[in-house]
Amino acid sequence: MSVKEIFESMEYGPAPETAAEALAWLVDQGDRFGHFINGSFTAPGEGFLSKNPATGETLAMLTQATQADVDTAVEAARKAQPKWEKLGGHGRARHMYALTRLMQKHARLFAVLETLDNGKPIRESRDIDVPLAQRHFYYHAGMAQLMQAEMPDRRALGVCGQIIPWNFPLLMLAWKVAPALAMGNTVVLKPAEYTSLTALLFADICRQAGLPKGVVNIVTGDGAVGEMIVAHEGIDKIAFTGSTEVGRKIRQATAGSGKALTLELGGKSPYIVFDDADLDSAVEGLVDAIWFNQGQVCCAGSRLLVQEGVAERFHAKLRARMDGLRIGDPLDKCIDVGAIVDPVQVQTIRDMVDGNTEGETYCVNAQLPAGGCYYPPTLITGLTPTSRLMQEEIFGPVLVSTTFRTPTEAVDVANNTRYGLAATVWTENVNLALDIAPKLVAGVVWVNATNLFDAAAGFGGMRESGFGREGGWEGLNAYTRPKGKTKPLTKIEGFTGEGSEAEGIDRTPKLYIGGKQARPDGGYSQPVFSRAGALLGQVPIAGRKDVRNAVEAARGAGGWAKSTAHLRAQILYYIAENLSARAAEFAARIDGLTGGRSGAKEVEASISRLFTYAAWADKFDGQVKSVPIRGVAMAMREPVGVIGAICPDEAPLLGLVSVMAPAIAMGNRMVLAASEAFPLAATDFYQVLDTSDVPGGVVNILTGPHADLAKVLAQHLDVDAVWSFSSSELSGLIEAASAGNLKRSWVNNGQARDWMGTEGEGRAFLEAATEVKTIWVPYGE
Ligand code: NAI
C-alpha cells in the first residue's frame, strides 16, 4: 500500500504486542498451576484448562480446589492474621508499597498475560487494568499508614473470603485484596475459573516481595470452590463481585452466620443523551461505555436513552462510528474490540440477541477472526423501556436504545430497572446535569464522561446491584469492625400477670401509620404487664397488612429526603424539646414497664441523643475526591430510603430514639417495630412526634412480635434496608429474607450494645443510614 493510499483510507496495519515473555513465564511455571497457600504454590492437582479466548489455544492447566485445599488456605490465613495486624499500619504499608513496586516492574507481563487469558484489547489491559490495579495498591498502602491516626476505633475483621469475576481479573483482585490487607486482614481469594492467570502471577509477586506467608492465599476452581469459601466457618467476611444471581445465593448462604458481606453485582446502566449534548463526544463516550472490554463490564452504559429530537442523527453518527471500530486480535495495539471471555458467554449473548423480536438491529459488518470468541458490536434501536433487552443484562458488546422527550421522562426511564449501579449524563447544560444526577438511582454517575474509575472514588451499587462500596474512605468500613469486646445479648421477655382492665387503663394505644393512629388490621391486641403483674395496657398486634400500610406511608413521605438538613435538625430539636416537657411522665412509664429505676436517666439520654443527631443532620457531609483525571468525584451521602428497624428491648425509649434519630436526620423514612417486651414507651412517643412537626409517614410505629414484623419487612420489596437490634435472634431470618431484593441489612448477630454509652450513637448509625453516590464532574483543566 502506498503512502497516498494509506492517507486516503486512513487504514493502518497491525501493531502486535509480543506474547513471548508471558508464554515463557507460563512455561517456567510448568504450564500447570497449583494453589498459592501459605506463601508457596501447592503441587498441581486435577483441574481444568485455561484457554486463550482469541484463539482457543490452551494456556495452562489449573487445579480445582478441594475442600481440603480451602481448609488449608483458610487455616494459613487465620494463622497469619494476628501477626499481620500487629505489624501495624506502617509495617503493612511498607509491604504493600514493595508489592506495588514489583507489580509496576512487571506491568507489561501482567498486561499481556491478562489479554491472553481474558481476550481484552492490550490497549485496555496496558493502559487501564494494570495501572488502576497498581494505583489501588498504592492508595491503600497509604490507608494502612493512616489507619491508626484516622481510624483509631477500628480494627481488622479477620480473614476475608474474596470471590471475583472474569471481566477484570487483576483489577478486581486489587479492589479486593488492597483494602483488606491495608486494614490488617488476611485473604483467601478465588479468581474466576476462566481467568486465573494474573492472580497466580500476583501470587508469585507476593512471594518475591517477601509478603509474610499466609497473608494472601489464592485457590483456583469454579463456583463449587466459591461455595466452600462462602460456607467456611473460619472466614469473617465475604466480598463478592459477579452476577446478581450468585450474589443472591451468597446472601442466603451467609445469612445468620455473622459474616460480613459486600456484593458488587450486575447492572443495566443508563446512558442519557440530551438534545443539547456534544453529540460527537457522546458517541465517543459510548464507545467506552459499551465496547470497552467488549461490554463485559458491570457498569457498562448498556442502555442508551436519547432525547427524541436528536435520536435519528445520534443513531446515524453512532452507526458510522461503529463501522470504524477495529475488531480482532486483542494483542494488536490498534484493536478496539477484542474477544469475549469464553464460548459460553458468546452463546449467552447470541441467545439473548437472537431471541429479541423488537426494534431494529444494526450489527457491524466486520470480518471476525476465525477460531476465537468474537461477537460484533451491535446496536438495537426502537425498544421500549420494558423490552426484555432493556431490562436484562447482556454482558456483551450489545447496546440497546430507546428515546425520551423530557428530562423527567429520562429520569423515569433510567430508574425503571431493578439495578442501580451506574449512570451517564451527557448535556452541555450544567444546570440540567446537576439536576438529573441526584435523581438517578445509581451508585456512580458520570457527567459528560463514562467508565471512569479511581481508588479514591467509591464504587458500588444500589438496589439489586449490591451493597457496600469499594475504594475511598467509605470502602474501608467493609474491612474493619469496631474495637472492643462484644457481649452476647440475653433475650428480654415482657412480664406476665393477671391484672384486668378494671384496674384502670387510661389509654388504648394504636399503631402509628402515616402520621395517624390506626387500629390493627387483624383486630388483635396483647396485654402488657408490670413486673408486679399489673396490667399496664393493651398493645395492638400489627400484621402483614399493617406493615404494608406503614411501608406505603413511608414511601409516600419521599419529600423528607429532599427537605433541607437544617429543617430536619430543627425538627429533631423540637422532638427533644417536647420529650423534655414530658420527661417525668416518660420516666415513670419506663420504670413501670421495666420494673427498674433508670427511667429518668433513659429519658435524659434520649433527649441528648436527639440533640446529637440534630447536630449531625447538617454535618455528616460528603467529600470531594481528588482523582487523577480532569475532573473531581463528589461522594454525596444520600439517604437509603425506607428503613424497617426492629428496636432494642434493653432500653424501650432510648433504643427507639437511637435508631430513629440518625435515620431521619439523614432523610430516611422509618417503619419502627417497638420493643416487643416493653412497647408502651413507643406508643406514648408517637404523641411526641405528633406535636413536633414530623411530617406524616416519616416515622411509623408498629407493635407486635418482632419475628413476624421482621420477616414481613425483610421480604417487602419496597423496603430498602432492615436493621435489627431486637433481643430476639432475628439476624439469620432478616438476612435470608433480604436476599429477595438484596436490601441492605444491619443486624446485631446476637450481640449486646450499650445504648447509654458511645456504642449507642455515632458514625456507624449515620453510615448505615446513608449510601454514597459518587458523581464525577468535569472540573478544571
Ligand atoms: P458468576 O457470578 O457465576 O461468577 C463470578 C464468580 O463467582 C466466579 O469466580 C465464580 O466461580 C464464582 N461463583 C459461581 N457460583 C458461585 C457460588 N454459588 N458461590 C460462590 N461463588 C460462585 O458469573 P458468570 O457465570 O461467570 O457470568 C454470568 C453472568 O454474570 C454474566 O453474563 C454477567 O451478566 C454477570 N457477571 C457480572 C459481573 C460483574 O462484574 N458484575 C462479572 C461477571 C459476570
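We count residues from 1, following the sequence as given. No hydrogens, no waters, no symmetry mates; every other heavy atom, side chains included, goes into these values.
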Visitor: Check whether any side-chain heavy atom of Tyr271 sits under 4.5 Å from a side-chain heavy atom of Leu399, and report yes or no.
Guide: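 No. Closest side-chain heavy atoms not under 4.5 Å.
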Visitor: Is there a donor-acceptor pair under 3.5 Å between the side chain of Asp336 and the backbone N or O of Leu325?
Guide: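 Absent.
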Visitor: How far does CG of Leu421 sit from CD of Glu393, to the nearest 0.5 angstrom?
Guide: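 Those atoms lie 9.0 Å apart.
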Visitor: Less than 4.5 Å apart, any side-chain heavy atom of Trp776 and any of Asp454?
Guide: yes
Visitor: Once rounded to the nearest 0.5 Å, what's the spacing between atom OG1 of Thr381 and atom CZ of Phe314?
Guide: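 Going from OG1 on Thr381 over to CZ on Phe314, the span is 12.5 Å.
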Visitor: Check whether Gln294 reaches the backbone of Gly338 with its side chain - one donor and one acceptor, N or O, closer than 3.5 Å.
Guide: yes
Visitor: Examine distances only and state if a side-chain atom of Gln345 and a backbone atom of Asp342 form a donor-acceptor pair shorter than 3.5 Å.
Guide: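 No: the side chain of Gln345 does not pair with the backbone of Asp342.
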Visitor: With heavy-atom distances below 4.5 Å as the criterion, would you say the side chains of Asp278 and Glu428 are in contact?
Guide: yes
Visitor: Does Glu474 pair with Arg469 as a salt bridge, N-O distance under 4.0 Å?
Guide: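 No, no charged N to carboxylate O under 4.0 Å.
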Visitor: Is there side-chain contact between Thr195 and Val341, with heavy atoms separated by less than 4.5 Å?
Guide: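 Thr195 vs Val341: side chains touch.
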Visitor: Taking atom CZ of Arg135 and atom OG1 of Thr100, what is their separation to the nearest 0.5 Å?
Guide: 11.5 Å
Visitor: Using a 6.0 Å cut-off, check whether atom CG of Asp354 has over 12 heavy atoms from anything other than its own residue.
Guide: yes
Visitor: Any side-chain heavy atom of Lys268 within less than 4.5 Å of one from Gln391?
Guide: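 No, every pair of side-chain atoms sits at 4.5 Å or beyond.
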Visitor: Check this for me, if you would: do Arg126 and Glu17 make a salt bridge, where the nitrogen-to-carboxylate-oxygen distance has to be below 4.0 angstrom?
Guide: no
Visitor: Determine, step by step, whether Arg463 and Thr417 satisfy the side-chain contact (heavy atoms from CB on, under 4.5 Å) criterion, reporting the C-alpha distance in whole Å, the side-chain angles of both residues, the deciding distance to 0.1 Å, and the verdict.
Guide: CA-CA 9 Å; Arg463 293 182 176 164; Thr417 166; 4.1 Å; yes
Visitor: Within the structure provided, determine whether Ile163 and Val230 are in side-chain contact (heavy-atom separation under 4.5 Å).
Guide: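 The answer is yes, as the side chains (C-beta and beyond) meet within the 4.5 Å cut-off.
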Visitor: Could you tell me whether Gln347 atom CD has more than 12 heavy atoms of other residues or ligands within 6.0 Å of it?
Guide: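 Yes.
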Visitor: Would you compute the distance between atom CG of Leu171 and atom CD1 of Ile128 and round it to the nearest 0.5 angstrom?
Guide: 10.0 Å
Visitor: Charged N to carboxylate O below 4.0 Å: is that the case for Glu264 and Lys176?
Guide: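 Here Glu264 does not pair with Lys176 in a salt bridge, since their nearest N and O are not under 4.0 Å apart.
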Visitor: Let me see the working for Val337 and Tyr374 under side-chain contact (heavy atoms from CB on, under 4.5 Å), right down to the final yes or no.
Guide: CA-CA 9 Å; Val337 181; Tyr374 290 93; over 6 Å; no
Visitor: For Leu331 versus Val112, what's the shortest heavy-atom pair and its separation?
Guide: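 That would be CD2-CG1, 4.0 Å.
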Visitor: Do Phe168 and Trp175 have ring centres separated by under 6.0 Å?
Guide: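 Not close enough - the centres of the two rings lie 6.0 Å or further apart.
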Visitor: Please check if the side chain of Arg388 supplies one atom and the backbone of Asn356 the other of a donor-acceptor pair under 3.5 Å.
Guide: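 Checking the backbone N and O of Asn356 against the side chain of Arg388, no donor-acceptor pair under 3.5 Å is found.
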Visitor: Could you report the tightest heavy-atom contact between Gly161 and Ile229, atom names first, then the distance?
Guide: CA-CG2, 3.7 Å
Visitor: Taking everything shown except Glu312 itself, do over 12 heavy atoms lie less than 6.0 Å from its CD?
Guide: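 Atom CD in Glu312 is not crowded, with 12 or fewer foreign heavy atoms closer than 6.0 Å.
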Visitor: I'd like to know whether NZ of Lys51 has more than 12 heavy-atom contacts from other residues, nucleotides or ligands below 6.0 angstrom.
Guide: no
Visitor: If you take all heavy atoms of Pro191 and Ile218, which pair is closest and at what distance?
Guide: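 Heavy atoms of Pro191 and Ile218 come nearest at CD-CG2, 3.9 Å.
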Visitor: When you check the side-chain N and O atoms of Asn448 and Ser281, is any donor under 3.5 Å from an acceptor?
Guide: no
Visitor: For Met352, is the CE atom crowded, meaning more than 12 foreign heavy atoms sit under 6.0 Å from it?
Guide: yes
Visitor: Between CZ of Phe292 and CG of Asn167, what distance do you get to the nearest 0.5 Å?
Guide: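 Here the rounded value is 9.0 Å.
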Visitor: side-chain contact (heavy atoms from CB on, under 4.5 Å) for Gln162 and Leu173? Distances and angles first, verdict last.
Guide: CA-CA 8 Å; Gln162 309 188 313; Leu173 174 147; over 6 Å; no
Visitor: Does a donor on one side chain sit under 3.5 Å from an acceptor on the other, for Ser196 and Thr220?
Guide: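 No, no side-chain donor-acceptor contact under 3.5 Å.
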Visitor: Main chain of Asp117, side chain of Asn52: is a donor-acceptor contact present, judged purely on distance under 3.5 Å?
Guide: no
Visitor: Is a side-chain N or O of Thr402 found less than 3.5 angstrom from the main chain of Leu383, in a donor-acceptor match?
Guide: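 Checking the backbone N and O of Leu383 against the side chain of Thr402, a donor-acceptor pair under 3.5 Å is found.
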Visitor: Is a donor on one side and an acceptor on the other found under 3.5 Å between the side chain of Ser387 and the backbone of Met390?
Guide: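 Not at all, since once roles are kept as given, no pair shorter than 3.5 Å links the two residues.
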Visitor: Backbone N or O of Gln307 within a donor-acceptor pair of the Asp275 side chain at under 3.5 Å?
Guide: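 Between the backbone of Gln307 and the side chain of Asp275 there is no qualifying donor-acceptor contact (under 3.5 Å).
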Visitor: Is any side-chain N of the basic residue among Asp280 and Arg321 closer than 4.0 Å to the acidic one's carboxylate O?
Guide: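 No salt bridge links Asp280 with Arg321.
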Visitor: Run Leu434 and Val777 through side-chain contact (heavy atoms from CB on, under 4.5 Å) and show every step you take.
Guide: CA-CA 9 Å; Leu434 299 181; Val777 290; 4.0 Å; yes
Visitor: Carefully, step by step, assess Tyr375 and Phe395 under the rule ring pair (Phe, Tyr, Trp, His ring centres under 6.0 Å).
Guide: CA-CA 11 Å; Tyr375 195 89; Phe395 227 64; over 10 Å; no
Visitor: So which atom in Leu265 and which in Cys298 form the shortest heavy-atom distance, rounded to 0.1 Å?
Guide: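 Shortest heavy-atom separation between Leu265 and Cys298 comes out as O-CB, 3.7 Å.
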Visitor: Taking all non-hydrogen atoms of both residues, which atom of Gly285 and which atom of Trp426 are closest, and how far apart?
Guide: CA-CZ2, 3.9 Å
Visitor: Could you grab the distance from atom CD1 of Ile122 to atom NZ of Lys333, nearest 0.5 Å is fine?
Guide: 8.0 Å
Visitor: Testing Leu304, Val273, Leu379 for side-chain contact (heavy atoms from CB on, under 4.5 Å) with Leu286, which one passes?
Guide: Leu304
Visitor: Looking at Met183 and Tyr479, what are the two nearest heavy atoms and their distance?
Guide: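 Of all heavy-atom pairs spanning Met183 and Tyr479, the closest is CB-O, 3.7 Å.
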Visitor: Short question: side chain of Arg251, backbone of Leu261 - any donor-acceptor pair under 3.5 Å?
Guide: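 No, Arg251 side chain to Leu261 backbone: no donor-acceptor pair under 3.5 Å.
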Visitor: Do the charged groups of Arg248 and Glu464 touch, with an N to O distance under 4.0 Å?
Guide: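 A salt bridge is present here (some side-chain N lies under 4.0 Å from a carboxylate O).
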Visitor: Is there side-chain contact between Thr408 and Lys439, with heavy atoms separated by less than 4.5 Å?
Guide: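 Not touching, per the 4.5 Å side-chain cut-off.
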Visitor: What's the verdict on salt bridge (charged side-chain N to carboxylate O under 4.0 Å, His left out) for Lys120 and Asp129, showing C-alpha distance, side-chain angles and the deciding distance?
Guide: CA-CA 10 Å; Lys120 62 175 69 206; Asp129 296 55; 2.6 Å; yes
Visitor: If you count heavy atoms of other groups shown closer than 6.0 angstrom to CZ of Arg101, is the number above 12?
Guide: no
